[in-house]
Amino acid sequence: MTTTETREAPPAHFLIKIESFSLLDDCGVEKYETKEFVAGNHKWRLVIYPNGDNNNGKDGDYISVKLAMVDTSSMPKHWEVNAIVNIFLYNQISGNYIYSPGRPRPFQITQSEWGFSKFISKKSMFDPSNGYLMNDSCVFGAEVFVVKREAVTECLSLNSVHPPPSYKHDCKISNFKKLEGRWDSEEFSAGGHKWYVCVHPKGNKEATGKAVSIYLYYAGSNVSTHSGRVKTSFTISLINHGYCAHKTRTTPCSFSTSWASLGWDSFIDIATINDPKQGFLVRDCIRVSVEISFLNSALTFNSSWI
């Protein structure tokens with residue numbers, strides 16, 4: 001069965017009520033074509049196959065419902081009309097419509113009919129508890145939205161002018177195990193802005209007692225007229241003095257006066273940093289390095305019409 005959705009609103013363009021629906025099958029009617037209706041300045045009709053259509057092999061277990069474009073004799077040579085087609089079936093119990101959400105289909109001289117070969121199974125259709133066929137009557141419907149080729153198109157070219165400027169700053173923290181609360185570095189300048197690093201040796205928030213917390217803080221601009229966000233990508237590294245790799249974390253962030261800090265509550269486990277075999281803590285001293293890349297001037301934008 002075709003994937004369907006449900007809505008209360010009836011179809012915008014066409015409805016047909018079929019009484020004594022089962023007689024179509026009993027009388028050997030292979031398809032029923034409705035009267036014409038107009039949508040999008042074109043003429044259409046709904047085509048209902050009580051025992052399925054003949055595409056991909058006839059399947060008598062399903063009802064096929066399709067939309068056909070009619071009166072195309074006045075169309076230019078090699079014509080094509082793209083349209084979004086929604087097919088509806090009324091649920092007489094709930095008062096809602098099930099419908100097949102369509103996608104653009106190209107109606108052409110070689111294929112002027114589009115729809116759904118397996119719109120609904122006959123088993124579902126003839127089950128009275130579903131509400132689609134009541135007293136041998138049912139209601140089908142259709143919506144047709146012609147896609148007009150009036151779109152304005154634009155081409156955006158992204159050219160890398162140069163790598164984003166980056167700045168690096170190193171911090172040395174002595175007497176690390178003896179520190180209580182938070183440790184703040186001195187302010188440093190990078191990219192015309194002021195920054196500092198904040199370290200919680202005993203952890204912060206939910207990481208208290210479990211992990212070392214490290215954050216980068218934005219302390220404002222060196223230019224008094226600057227306003228807005230500072231788009232960055234920054235990396236904080238805990239330097240390893242042994243043979244192991246540095247502990248490094250990277251994240252993008254747009255800093256501002258209202259969003260002045262970002263970092264990691266659980267940067268590294270306290271047990272790991274205090275283990276002398278790990279190489280991070282040497283003579284009760286650690287080194288933290290921060291590298292800030294500024295993204296604002298990394299790209300130029302060239303826009304042109306197609």
Side-chain angles (χ1 to χ4, degrees), residues 1-7 9-19 21-90 97-126 132-133 138-155 305-306:
M1 179 177 172
T2 300
T3 301
T4 58
E5 297 181 7
T6 303
R7 80 181 201 193
H13 299 124
F14 184 74
L15 276 172
I16 176 173
K17 181 179 181 180
I18 303 177
E19 298 178 342
F21 179 79
S22 61
L23 288 180
L24 293 175
D25 187 12
D26 296 342
C27 295
V29 177
E30 292 189 357
K31 68 176 180 179
Y32 174 75
E33 298 182 350
T34 70
K35 68 178 182 180
E36 298 176 0
F37 64 94
V38 177
N41 297 322
H42 297 284
K43 293 182 179 180
W44 315 84
R45 64 163 52 103
L46 207 58
V47 184
I48 301 169
Y49 298 82
N51 288 301
D53 61 13
N54 291 314
N55 290 338
N56 303 317
K58 189 168 183 178
D59 193 336
D61 293 331
Y62 287 86
I63 297 170
S64 304
V65 186
K66 298 192 173 185
L67 185 79
M69 188 174 179
V70 298
D71 194 16
T72 59
S73 58
S74 61
M75 299 289 286
K77 188 177 180 180
H78 306 305
W79 63 269
E80 179 176 301
V81 175
N82 289 279
I84 299 172
V85 179
N86 296 328
I87 305 295
F88 292 76
L89 178 61
Y90 183 57
Y97 292 84
I98 64 165
Y99 72 100
S100 58
R103 59 180 179 178
R105 298 291 190 180
F107 289 82
Q108 305 166 331
I109 192 171
T110 56
Q111 184 166 358
S112 59
E113 185 177 287
W114 282 98
F116 304 94
S117 295
K118 295 183 178 182
F119 179 71
I120 187 171
S121 68
K122 294 175 72 173
K123 181 179 179 181
S124 296
M125 183 70 173
F126 284 92
Y132 304 128
L133 189 66
C138 58
V139 179
F140 288 93
E143 285 181 343
V144 192
F145 300 101
V146 175
V147 181
K148 296 183 179 180
R149 296 185 177 181
E150 297 178 350
V152 176
T153 57
E154 178 184 357
C155 177
W305 300 111
I306 298 176

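Just so it is clear, the model here is predicted, and its values are computed rather than measured. The first residue in the sequence is number 1, and the count goes up from there. Any value given below was found using the heavy atoms of this structure, including those in side chains, with hydrogens, waters and symmetry copies removed.
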Novice: Measure the shortest side-chain to side-chain distance between Asn51 and Glu30 over non-hydrogen atoms and say whether it is less than 4.5 angstrom.
Specialist: no
Novice: Would you mind reporting whether Phe37 and Val144 have side-chain heavy atoms less than 4.5 Å apart?
Specialist: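 SC-SC contact between Val144 and Phe37 confirmed.
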Novice: Given side chains that start at C-beta, do those of Lys17 and Glu19 come closer than 4.5 Å, heavy atoms only?
Specialist: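 A side-chain contact under 4.5 Å exists here.
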Novice: Looking only at non-hydrogen atoms, find the nearest pair between Gly52 and Ser64 and report the distance.
Specialist: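 Smallest interatomic distance, heavy atoms only, reads CA-OG, 3.1 Å.
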Novice: Suppose we screen for side-chain hydrogen bond (donor to acceptor under 3.5 Å, both in side chains). Which residues come up paired with Ser22, at least two apart in sequence or across chains?
Specialist: Asp136
Novice: Is any side-chain heavy atom of Thr34 less than 4.5 Å from a side-chain heavy atom of Arg45?
Specialist: yes
Novice: Starting from the C-alpha separation in whole Å, work towards a yes-or-no answer on side chain to side chain contact (heavy atoms under 4.5 Å, CB included) for Leu133 and Phe126.
Specialist: CA-CA 6 Å; Leu133 189 66; Phe126 284 92; 3.4 Å; yes
Novice: Provide the closest heavy-atom pair for Ala142 versus Leu46 in the form atom of the first, atom of the second, distance.
Specialist: CB-CD1, 3.8 Å
Novice: Which residues satisfy the ring-ring contact (aromatic ring centres under 6.0 Å, His included) test with Tyr49, sequence neighbours excluded?
Specialist: none
Novice: Which label fits Tyr99 and Phe88: parallel for a plane angle under 30°, tilted from 30 to 60°, or perpendicular past 60°?
Specialist: parallel
Novice: Rounded to the nearest 0.5 Å, what's the gap from OG on Ser124 to CD1 on Ile63? Could you check?
Specialist: 9.5 Å
Novice: Locate the shortest heavy-atom distance separating Ala68 from Glu113; write the atom from each residue and the value.
Specialist: CB-OE1, 4.0 Å
Novice: Where do Asp53 and Ser117 come nearest, in terms of heavy atoms and distance?
Specialist: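 In terms of heavy atoms, the two residues are closest at OD2-OG, 2.9 Å.
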Novice: Report the distance from atom NZ of Lys66 to atom CD1 of Ile48, rounding to the nearest 0.5 Å.
Specialist: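 Separation between the atoms: 13.5 Å.
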Novice: Among Phe140, Tyr90, Tyr132, exactly one meets ring-ring contact (aromatic ring centres under 6.0 Å, His included) together with Tyr97. Which residue is that?
Specialist: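 The passing option is Tyr90.
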Novice: If you define the side chain from C-beta out and look only at heavy atoms, does anything of Asn41 sit under 4.5 Å from Val146?
Specialist: no
Novice: How long is the span from the CZ atom in Arg103 to the CD1 atom in Ile84, to the nearest 0.5 Å?
Specialist: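 Between atom CZ of Arg103 and atom CD1 of Ile84 there are 11.5 Å.
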Novice: For a 4.5 angstrom cut-off between non-hydrogen side-chain atoms, does Met125 reach Leu89?
Specialist: yes
Novice: Heavy-atom count check: over 12 atoms from other residues, nucleotides or ligands less than 6.0 Å from Ile109 CD1?
Specialist: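 No, CD1 of Ile109 has 12 or fewer neighbouring heavy atoms, counting only those of other groups under 6.0 Å.
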Novice: Which residue is it: Trp114, Phe107, Phe116? I am looking for the one with a side-chain contact (heavy atoms from CB on, under 4.5 Å) to Leu67.
Specialist: Phe107
Novice: Under 3.5 Å, is there a donor-acceptor pair linking the side chains of Asp61 and Ser121?
Specialist: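 Distance-only check fails for Asp61 and Ser121.
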Novice: Using 30° and 60° as the class limits, which term best fits the ring planes of His42 and Trp44: parallel, tilted or perpendicular?
Specialist: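 If you compare the ring of His42 with that of Trp44, the planes turn out perpendicular.
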Novice: Are side-chain heavy atoms of Ile120 and Val65 found at a separation under 4.5 Å?
Specialist: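 No. Closest side-chain heavy atoms not under 4.5 Å.
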Novice: Enter the distance from Ile87:CD1 to Ser100:OG here, rounded to the nearest 0.5 Å.
Specialist: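 Atom-to-atom, Ile87:CD1 and Ser100:OG are 5.5 Å apart.
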Novice: Got a donor-acceptor contact below 3.5 angstrom from the Glu143 side chain to the Ala12 backbone?
Specialist: yes
Novice: How close do Asn82 and Glu80 get, heavy atom to heavy atom, and via which atoms?
Specialist: ND2-OE2, 3.1 Å
Novice: Can Val70 and Glu33 be said to form a side chain to side chain contact (heavy atoms under 4.5 Å, CB included), step by step?
Specialist: CA-CA 11 Å; Val70 298; Glu33 298 182 350; over 6 Å; no
